[in-house]
Asker: 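One structure, pasted below without further comment.
Because the structure is predicted, anything quoted here is derived from the model rather than measured.
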Amino acid sequence: MESTTDDEARLAEIAAELAAAIDAALGPWVERSVRRVLDAWVDRTGEPIAPEILASAAEAGRRAREEIGPRVRELLLTDVDRQRTTPLAIIRGAVRYPTEVLRAAGIPPLVRDAVAERQFPDDDYDLVPASLGDVDPTLHELGIAWGAAKAFVFKARRRAEGRR
């Protein structure tokens with residue numbers, strides 16, 4: 001049977017891997033998000049995409065990585081008993097980066113359902129990821145592994161404390 005220390009070391013390894021993968025995925029996700037909305041706009045209107053918009057998307061992706069990446073890493077390196085949010089919740093806050101680009105480009109907001117508007121009022125373009133896999137498919141299994149490792153460590157600590 002592995003010790004809690006071994007489990008915690010494994011959790012730390014997975015957390016570091018997930019942090020690096022999220023950091024690498026943030027910029028491309030911002031750019032893909034902008035591109036997806038722009039492509040739909042072009043299909044609807046026939047208006048070409050200005051290269052400046054794509055350059056703005058790349059810059060927004062860089063900013064997202066610089067500003068959101070460290071927050072995710074800090075969370076993942078925080079002891080499990082002190083974590084009060086999730087990597088996905090932090091990433092969802094990054095929706096502002098592609099949104100800013102699309103607003104500046106004059107793309108009108110999408111019509112969204114009432115639930116989406118209530119849950120994510122600043123997500124004009126329905127970009128908030130439902131899962132880590134929506135940010136990048138490579139994050140899906142890694143996120144599950146991190147969540148399972150975190151739960152295992154959390155539960156082992158409660159057992160060690162005599163609680164179930």
Asker: Which heavy atom of S56 sits nearest to which heavy atom of V101, and what is that distance?
Answerer: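 Heavy atoms of S56 and V101 come nearest at O-CG2, 3.7 Å.
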
Asker: Can you tell me how far the CZ atom of R10 sits from the CH2 atom of W146, to the nearest 0.5 Å?
Answerer: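 Rounded to the nearest 0.5 Å, the CZ-CH2 separation comes out at 14.5 Å.
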
Asker: Nearest 0.5 Å please: distance from the CD atom of E31 over to the CG atom of L26.
Answerer: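 With rounding to 0.5 Å, CD (E31) is 11.5 Å from CG (L26).
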
Asker: Do D39 and R35 meet the salt-bridge criterion of a basic N to acidic O distance under 4.0 Å?
Answerer: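 Salt bridge flag = yes for D39 with R35.
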
Asker: Take E8 and V80 through the test side chain to side chain contact (heavy atoms under 4.5 Å, CB included) and record every step on the way to the result.
Answerer: CA-CA 9 Å; E8 290 178 5; V80 297; over 6 Å; no

Asker: For T99 and D122, run side chain to side chain contact (heavy atoms under 4.5 Å, CB included): C-alpha distance rounded to whole Å, both residues' side-chain angles, the deciding distance at 0.1 Å, then the answer.
Answerer: CA-CA 8 Å; T99 298; D122 297 326; over 6 Å; no

Asker: Inspect the surroundings of CD in E74 and state if more than 12 heavy atoms from other residues, nucleotides or ligands are less than 6.0 Å away.
Answerer: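 It does not: E74 CD has 12 such atoms or fewer within range.
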
Asker: Measure from the side-chain N and O atoms of R112 to the backbone N and O of P109, and report whether any donor-acceptor pair falls under 3.5 Å.
Answerer: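 No, because the side chain of R112 does not come within donor-acceptor range (under 3.5 Å) of the backbone of P109.
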
Asker: Looking only at heavy atoms, what is the nearest atom pair of L127 and W29, with distance?
Answerer: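 So the two residues come closest at O-CZ2, 3.5 Å.
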
Asker: What distance do I91 atom CD1 and T86 atom OG1 have between them, rounded to the nearest 0.5 Å?
Answerer: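 If I round to the nearest 0.5 Å, the distance is 8.0 Å.
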
Asker: Should V34 and V42 be regarded as members of a common hydrophobic cluster, given that ILVMFWY residues are connected when their side-chain heavy atoms come within less than 4.5 Å of each other, either directly or indirectly?
Answerer: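 Yes, V34 and V42 fall within the same hydrophobic cluster.
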
Asker: Applying side chain to side chain contact (heavy atoms under 4.5 Å, CB included), run through H140 and L132 and close with a yes or a no.
Answerer: CA-CA 6 Å; H140 177 74; L132 290 176; over 6 Å; no

Asker: Please report the interatomic distance CG(L11) to NZ(K150), rounded to the nearest 0.5 Å.
Answerer: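 Interatomic distance, L11 CG to K150 NZ, rounded to 0.5 Å: 8.5 Å.
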
Asker: Indicate the atoms forming the closest heavy-atom contact of Q83 with T78, along with that distance.
Answerer: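 Smallest interatomic distance, heavy atoms only, reads NE2-O, 2.8 Å.
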
Asker: For the backbone of G27 and the side chain of R65, can you confirm whether one donor and one acceptor N or O come within less than 3.5 Å of each other?
Answerer: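 Such a contact is absent between R65 side chain and G27 backbone.
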
Asker: Determine the minimum heavy-atom distance between A130 and L88, stating which atoms define it.
Answerer: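 So the minimum-distance heavy-atom pair works out to O-CD2, 3.5 Å.
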
Asker: Find the distance between CD1 (I49) and CG (L38) and round it off to the nearest 0.5 Å.
Answerer: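 Answer for the CD1-CG pair, I49 versus L38, is 4.5 Å.
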
Asker: Ignoring hydrogens and angles, tell me if any N or O in the side chain of R32 forms a donor-acceptor pair with the backbone of V135 under 3.5 Å.
Answerer: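 The answer is yes, because a donor-acceptor pair under 3.5 Å joins these two groups.
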
Asker: Check A149 against I14 and note the closest heavy-atom contact, atom names and distance.
Answerer: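 Scanning both residues, the minimum pair turns out to be CB-CD1, 3.9 Å.
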
Asker: Does P87 reach the side chain of L75, with side-chain heavy atoms less than 4.5 Å apart?
Answerer: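 Yes, close enough: below the 4.5 Å cut-off.
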
Asker: Could you walk me through whether R103 and D124 satisfy the salt bridge (charged side-chain N to carboxylate O under 4.0 Å, His left out) test, starting with their C-alpha distance in whole Å, then the side-chain angles of each, then the deciding distance to 0.1 Å, before giving a yes or no?
Answerer: CA-CA 9 Å; R103 285 178 182 161; D124 291 349; 2.8 Å; yes

Asker: Taking atom CZ as the centre, does F152 end up with more than 12 heavy-atom neighbours from other residues, nucleotides or ligands that are less than 6.0 angstrom away?
Answerer: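 It does not: F152 CZ has 12 such atoms or fewer within range.
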
Asker: Ion pair present between R157 and D81, side-chain N to carboxylate O less than 4.0 angstrom?
Answerer: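 Counted as a salt bridge, because a side-chain N and a carboxylate O are separated by less than 4.0 Å.
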
Asker: If I compare all heavy atoms of D126 with all of R36, which pair ends up nearest, and what's the gap?
Answerer: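 Heavy atoms of D126 and R36 come nearest at O-NH2, 4.2 Å.
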
Asker: Are the side chain of D123 and the backbone of V128 linked by a donor-acceptor contact shorter than 3.5 Å?
Answerer: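 Here the side-chain-to-backbone pair exists.
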
Asker: Got a second to check how far W41's CH2 is from L110's CG, nearest 0.5 Å?
Answerer: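 Spacing of CH2 (W41) from CG (L110) equals 10.0 Å.
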
Asker: Would you say CD of E67 has more than 12 non-hydrogen atoms from neighbouring residues, nucleotides or ligands within 6.0 angstrom?
Answerer: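 Result for CD/E67: enclosed.
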
